[in-house]
Amino acid sequence: MTEMTEPGIWQEVPSPFCGIASDDLVIKVDGNDVTILENGDDITKAGFETAITDLSPRFNGRDVSLDEAVSHAAQLIRDAKQPVIGGLATDLNGCRAAMALADKSRATVDNMDSTATFRNLLVLQDTGWMTTTLTEVRNRVDVLLVVGTDIESDFPRFYERMVWNKESMFNQDIESRQVIYLGKTPSGDASTSPKGKKAQVLACDDADLPEVLSVLRALIKGKLIQAKQVGGLAVSDLEALAETLKQAKYSVVTWSAGNLDFDHAETSVQMICELVKDLNLKTRSSGLPLGGRDGAMTANQVSAWQSGYPMRTNFSRGFPDYDPYLSDSNRMLVNGEVDTLVWVSSFNVQRTPPQSLAKTIVIGRSGMTFEQEPEVFIPVGVPGIDHVGRTFRLDSVVSIPLRKLRDSGLPSTHDVLTAIENAL
Amino acid sequence: MLMKLTGGKIYDPAHGIDGEVRDIYVRDGRIVERPTDVKFDQEIDVRGKVVMAGAIDMHTHIGGGKVNIARTMLPEDHAADVVARTELMRSGCGHAAPSTLTAGYRYAEMGYTAGFEPAILPINARQAHMEMHDTPIIDKGGYVMLGSDDFLLRMMAANNDQEAINNYVAWTMNHSHAIGVKVVNPGGINAFKFNQRKLDLDEKNHYYGVTPREILLRLARAVKELGVPHPLHVHGCNLGVPGNLDTTINTMEGIEGLPMHMTHIQFHSYGTEGDFKFSSGSAQIAEQINKHKNITVDVGQILFGQTVTASGDNMRQHAAHPHAHPNKWVCMDIECDAGCGVLPFKYKDQSYVNALQWMIGLETFLMVDDPWRVFLTTDHPNGAPFTSYPHLIKLLMDKTFRNDVLSQLHPEAQKASHLASLDREYTLYEIAIMTRAGAAKLVGLADRGHLGVGGAADITVYTDNPDREKMFTTPDYVFKDGNMVVKDGHLIDVTWGTTHVVKPNYDISIEKQLKPYFDRYHTQKMGNFKISDDEISDDGRGSITVQPLLLGAKYDY
């Protein structure tokens with residue numbers, strides 16, 4: 001359990017920032033200063049060590065009390081015809097409060113990473129998938145196929161924790177694990193084995209991935225391919241890859257939807273998921289969608305159990321109305337369909353609201369700066385630093401308990417959103 | 001606050017009361033003796049009405065990962081049953097995979113005051129409790145799933161003694177806040193990860209060399225020796241496989257007289273006779289249940305229409321994937337802990353197999369003699385959504401209605417069943433046993449499911465209507481902990497129920513094994529796996545109720 005073992009030193013601190021929920025961090029807290037002593041990386045350092053700046057809420061750029069800020073926010077929402085609660089990067093209780101507020105104010109809910117997340121969700125809702133979770137990968141993976149994704153830039157500790165761990169429960173020779181990249185080339189050496197074996201790379205452009213994946217799936221299914229080349233890759237190399245996957249006992253095919261940044265990438269995700277299903281007719285194979293940083297899974301999970309639907313659900317008719325196209329908050333904002341935006345972002349000071357004409361209320365992590373000062377800004381604490389909380393990691397299965405590490409006096413997102421709801 | 005319910009016909013099987021006219025007194029949420037002061041804050045005239053304790057659903061998938069996958073993947077199923085916000089209620093959706101809020105409201109409106117999630121993966125228990133926390137009015141709780149987790153199988157492969165296994169089971173129950181232990185396809189979910197596609201009762205896991213029979217014995221013994229009132233809750237081997245009735249009978253006989261609850265027995269009662277190589281095994285199964293007094297069952301009745309099946313049994317769900325309707329499905333391997341499979345499914349009355357499944361379920365209800373050992377479930381939502389319970393009660397209580405429905409089903413299936421010849425009609429008293437007194441006893445709820453002094457005032461009042469479906473759909477009143485929450489079938493107040501758990505004793509030395517196991521193999525620390533009491537009480541509307549262990553439990557550290 002996360003606990004203080006000596007004054008100011010916290011052990012086993014879980015990270016709500018990194019998506020894989022590493023919970024072996026050792027953290028030093030001195031007043032409001034937080035430093036990671038052990039097991040940090042670029043993502044978690046930014047997450048834990050970003051300093052508090054603002055303590056006071058603002059209304060039109062002027063410092064006001066929390067009560068005043070809440071009452072101005074409530075007024076803006078009351079006056080709104082089409083409010084959106086966007087961003088939604090927060091913990092369990094922050095999401096619960098956001099859903100309650102959306103239901104009452106007839107708002108639309110959306111998460112800041114939905115464009116990526118929906119590349120997966122649309123597949124889940126159309127054909128489904130076979131997936132696995134991190135501890136299974138850590139103990140079972142023999143072939144890891146990485147599709148169109150540079151894992152280490154977004155998930156710096158993935159290999160250390162899930163692939164090149166010291167030992168597997170099933171006495172697997174860890175060094176024998178194969179890592180194969182299809183599409184993007186890895187940006188560093190995280191995928192290189194402890195003894196120096198480099199990942200195999202079958203590089204192609206993102207634009208060619210749909211075609212390359214469909215050929216790979218056809219080969220797995222035993223179809224004859226006439227072409228010799230696809231997307232700059234030799235079909236014979238893909239044949240060898242198909243054979244490797246068929247021979248593997250527990251292959252894992254992974255991708256980060258955020259990295260598959262091209263039109264209709266959901267069809268490529270679907271191709272991945274269907275080829276995994278095909279492999280499972282004879283052997284075992286699983287998909288592993290990477291993502292879930294800054295509470296993205298938490299928002300979708302809470303929304304699904306409270307309303308029946310994931311993000312991009314609109315309550316304007318008094319009941320949940322799900323439409324992944326019409327209720328895409330990015331599209332709505334660009335088209336000027338939103339008059340008031342409530343932007344919830346309690347993890348990352350870089351994740352500020354998109355520029356728009358909407359009146360904007362930011363419930364944001366202290367330390368945020370804005371190109372365009374929002375009408376209302378209420379600085380809030382960070383779940384897992386300033387207050388207790390829970391978030392889901394990328395596999396939507398494991399959730400982590402977050403502890404309060406310092407006493408900054410900043411309110412939680414839940415408290416602020418609940419106060420706004422009560423003031424409506 | 002003192003309330004009197006005057007003159008109702010009381011059905012309280014826990015006290016042997018079968019339709020006697022009595023008054024009930026409620027003070028501060030509890031049923032009390034007739035008070036000496038006669039000034040009531042509230043008196044409600046229920047003369048001529050049927051009064052029972054609030055109903056208890058002892059097996060319903062209302063919270064946790066697989067349920068939320070089902071919700072997320074089925075927007076089209078919600079579309080026909082979206083629920084608007086009211087002054088009182090949050091918006092949501094219903095039908096096969098309802099939102100937590102709507103599920104709580106609808107259970108209450110049907111006179112149910114408690115529901116138990118039967119498949120809580122230890123590693124996903126935190127989520128299951130989050131969802132149940134957002135399920136209003138009803139009490140809740142759950143059975144933690146063991147039997148395919150690598151820690152247990154490693155212990156068994158290493159021949160750890162029963163004492164060590166008891167410790168592990170008790171530790172897991174405490175830290176996942178469970179009231180029972182469930183095993184799903186014992187060892188099978190684990191074997192599927194090693195690419196085994198079926199696992200019979202005496203078939204070995206390729207890696208561990210352990211069989212389902214051994215797993216069942218170890219866990220059933222642990223539950224008994226720990227004094228946990230709810231017997232080991234078993235989803236057996238070979239679910240849905242024609243011919244599985246032999247495995248089911250073997251499972252009952254092989255448990256060596258230990259208490260065991262076999263869940264959704266309908267899915268495990270299939271023979272291979274006839275042209276379709278699919279036949280009813282309910283007569284043999286019912287005979288075995290009647291014979292083995294250590295066995296309880298719930299039926300897992302199927303009813304016709306669209307639903308979704310959500311199960312921990314990814315081995316069997318994967319095998320069933322060609323039947324997904326619509327054609328989309330999810331299977332997951334989970335955390336060296338368990339797995340899950342989610343398949344939408346449509347039961348069709350003109351399908352031979354589905355029609356016979358319907359008949360097998362009803363035959364089982366009607367042929368098991370002792371209503372204290374058979375429970376009314378549809379394995380929500382796997383056989384049908386829980387909102388179909390009133391319809392199911394009518395099928396059990398009204399032979400004419402039952403045979404009318406039967407006569408419209410697949411004709412070959414009708415010939416393969418002797419359901420039409422079964423004359424039994426359940427009585428109100430028997431329904432009260434199955435859905436109240438028996439269920440509370442089975443789950444281990446000392447203060448629920450009865451109307452005796454000291455019991456919680458979870459009370460449902462019905463108008464005695466010969467149309468039992470109508471009667472059980474819209475109770476006149478439902479009281480939760482003494483508060484009137486439903487009047488004339490409509491919700492009038494929203495309260496928040498408690499979470500029932502048991503806390504069997506364990507020796508803390510088990511953590512000397514568990515901590516390094518988590519450190520070496522897992523991706524979460526042991527300490528962060530544990531769920532604190534604060535997480536259950538959460539924002540203040542949650543609470544934990546610790547139910548008593550059975551007397552004579554082996555351990556007292």
Side-chain angles (χ1 to χ4, degrees), chain A residues 1-3 12 14 20-21 23-24 92-93 96 100 103-104 121 124-136 138-140 161-162 166-170 249-250 280 283-284 286 300-301 304-310 315 317-322 388 390 392 396-401, chain B residues 63 65 67-69 71-75 78 82-85 90-93 97-102 121 123-124 126-127 130-131 134 150 154 192-195 207 318 321 324 327-337 342 520-525 527-528 530-532 534-535 538-539:
Chain A
M1 187 173 57
T2 310
E3 54 188 350
E12 297 191 358
I20 62 172
D23 68 345
D24 56 354
L92 167 69
N93 282 347
R96 281 172 165 157
D103 194 19
K104 188 162 181 180
L121 284 181
L124 176 67
Q125 294 178 338
D126 190 41
T127 42
W129 57 39
M130 293 182 75
T131 56
T132 191
T133 66
L134 297 179
T135 296
E136 298 288 1
R138 180 176 166 103
N139 290 289
R140 293 181 193 272
R161 284 175 64 80
M162 261 62 76
K166 284 201 184 62
E167 57 187 332
S168 138
M169 203 187 298
F170 309 109
K249 290 193 161 60
Y250 201 93
N280 275 286
T283 183
R284 290 307 319 274
S286 290
N300 282 287
Q301 289 272 60
W305 80 59
Q306 286 206 352
S307 76
Y309 304 97
F315 293 88
R317 293 198 283 171
F319 52 80
D321 202 347
Y322 167 68
V388 299
R390 281 158 281 174
F392 284 88
S396 289
V397 170
V398 179
S399 51
I400 45 172
Chain B
V67 183
N68 223 28
I69 292 169
R71 292 187 189 103
T72 307
M73 78 189 285
L74 293 173
H78 310 324
V82 287
V83 179
R85 180 186 177 87
R90 291 271 302 274
S91 68
C93 70
S99 62
T100 54
L101 295 146
T102 304
L121 281 53
I123 200 72
N124 186 246
R126 182 168 275 121
Q127 178 181 355
M130 291 173 191
E131 295 186 26
D134 284 350
D150 287 283
R154 286 160 63 91
F192 185 50
K193 295 171 188 175
F194 292 105
N195 203 29
Y207 183 78
H318 182 262
H321 76 77
N327 183 13
K328 53 180 172 182
W329 50 279
V330 166
C331 279
M332 284 186 83
D333 294 337
I334 296 177
E335 288 299 278
C336 296
D337 194 42
V342 182
R520 288 167 72 183
Y521 303 125
H522 264 262
T523 51
Q524 182 169 45
K525 296 286 187 189
N528 288 324
K530 296 179 182 178
I531 301 168
S532 70
D534 287 349
E535 291 185 51
D538 204 343
D539 53 8

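- Taking OG1 of B/Thr102 as the reference point, atom CZ of A/Phe319 lies at 13.0 Å (rounded to 0.5 Å).
- Chain B forms the most heavy-atom pairs under 4.5 Å with one residue out of A/Met162, A/Gln301, A/Glu3, A/Lys166, and that residue is A/Gln301.
- Heavy atoms closer than 4.5 Å to chain B are found nowhere in A/Arg317, neither backbone nor side chain.
- With a 4.5 angstrom heavy-atom cutoff, A/Lys104 touches chain B via backbone and side-chain atoms both.
- Among the candidates B/Ile531, B/Thr523, B/Ile123, the residue making the largest number of heavy-atom pairs closer than 4.5 Å to chain A is B/Thr523.
- Not one N or O on the side chain of B/Asp134 forms a donor-acceptor pair closer than 3.5 Å with the backbone of A/Gln306.
- For B/Asp337, the part sitting under 4.5 Å from any heavy atom of chain A is the backbone (N, CA, C, O) and nothing else.
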Open item on the list: Walk me through whether B/Val82 and A/Tyr309 qualify under side-chain contact (heavy atoms from CB on, under 4.5 Å).
Closed with: CA-CA 11 Å; B/Val82 287; A/Tyr309 304 97; 3.5 Å; yes
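- Per-residue counts of heavy-atom pairs under 4.5 Å with chain A were compared for B/Gln127, B/Arg85, B/Met73; the largest is that of B/Arg85.
- Most heavy-atom pairs under 4.5 Å with chain A: of the set B/Ala97, B/Pro98, B/Ser99, this distinction falls to B/Ser99.
- The backbone N or O of A/Thr132 sits nowhere less than 3.5 Å from a side-chain atom of B/Asp333 that would complete a donor-acceptor pair.
- Among B/Arg90, B/Met332, B/Arg154, the residue with the largest count of heavy-atom pairs under 4.5 Å with chain A is B/Arg90.
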Open item on the list: Set out, in order, the CA-CA distance, both residues' side-chain angles and the distance that settles side-chain contact (heavy atoms from CB on, under 4.5 Å) for B/Glu535 and A/Leu92, then state yes or no.
Closed with: CA-CA 11 Å; B/Glu535 291 185 51; A/Leu92 167 69; over 6 Å; no
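- For chain B, the nearby part of A/Asn139 is the side chain; its heavy atoms alone come within less than 4.5 Å.
- For chain B, the nearby part of A/Ser286 is the side chain; its heavy atoms alone come within less than 4.5 Å.
- Both the backbone and the side chain of A/Asp24 come within contact range of chain B, with heavy atoms under 4.5 Å apart.
- Of the listed residues A/Ala100, A/Pro310, A/Ser396, the one with more heavy-atom pairs under 4.5 angstrom with chain B than any other is A/Ala100.
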- [ ] Could you go through the side-chain contact (heavy atoms from CB on, under 4.5 Å) check for A/Trp305 and B/Met130 one step at a time?
- [x] CA-CA 10 Å; A/Trp305 80 59; B/Met130 291 173 191; 3.6 Å; yes
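- For B/Val83, the part lying near chain A is the backbone, with the side chain staying farther off; criterion is any non-hydrogen pair under 4.5 Å.
- Both the backbone and the side chain of B/Asn195 come within less than 4.5 Å of a heavy atom of chain A.
- For the pair B/Trp329 and A/Met130, the minimum side-chain heavy-atom distance is below 4.5 Å.
- Note on B/Gly527, B/Pro75, B/Gly63: by heavy-atom pairs under 4.5 Å with chain A, the leading option is B/Pro75.
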Open item on the list: side-chain contact (heavy atoms from CB on, under 4.5 Å) for A/Phe170 and B/Asp150? Distances and angles first, verdict last.
Closed with: CA-CA 10 Å; A/Phe170 309 109; B/Asp150 287 283; 3.4 Å; yes
TODO: Walk me through it: do B/Glu335 and A/Thr133 pass the test side-chain hydrogen bond (donor to acceptor under 3.5 Å, both in side chains)?
DONE: CA-CA 6 Å; B/Glu335 288 299 278; A/Thr133 66; 2.6 Å; yes
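- The closest donor-acceptor contact from the side chain of B/Thr72 to the backbone of A/Ala304 lies at 3.5 Å or more, if one exists at all.
- For B/Tyr207, the part sitting under 4.5 Å from any heavy atom of chain A is the side chain, from C-beta outward, and nothing else.
- Taken from CZ in A/Arg140 to SG in B/Cys336, the straight-line distance is 5.0 Å, to the nearest 0.5 Å.
- Between the side chain of B/Arg520 and the backbone N or O of A/Glu167, no donor-acceptor pair lies under 3.5 Å.
- Scanning all heavy atoms of the two residues, the minimum distance from B/His78 to A/Gly308 falls at NE2-O, 2.9 Å.
- Of all the listed residues (A/Asp23, A/Leu134, A/Thr127, A/Ile20), the one sharing the greatest number of non-hydrogen pairs under 4.5 Å with chain B is A/Asp23.
- Between chain A and the residues B/Gln524, B/Lys525, B/His522, the most heavy-atom pairs under 4.5 angstrom are made by B/Lys525.
- Interatomic distance, A/Tyr250 OH to B/Lys193 NZ, rounded to the nearest 0.5 Å: 6.5 Å.
- Under a cutoff of 6.0 Å and an axis angle of 45°, A/Arg284 and B/Phe192 form a cation-pi pair.
- No donor-acceptor pair closer than 3.5 Å links the side chain of B/Asn528 to the backbone N or O of A/Ile400.
- The residue from A/Thr131, A/Thr135, A/Val397, A/Val398 that alone fulfils the side chain to side chain contact (heavy atoms under 4.5 Å, CB included) condition with B/Ile334 is A/Val397.
- Heavy-atom distances place the backbone of A/Ser307, and not its side chain, under 4.5 Å from chain B.
- A/Asn93 CG to B/Asp538 CG: the interatomic distance, rounded to the nearest 0.5 Å, is 4.5 Å.
- Of all heavy-atom pairs between A/Asn280 and B/His318, the closest is O-CE1, 3.7 Å.
- Here the side chain of B/Lys328 pairs no donor or acceptor atom with the backbone of A/Gly128 at under 3.5 angstrom.
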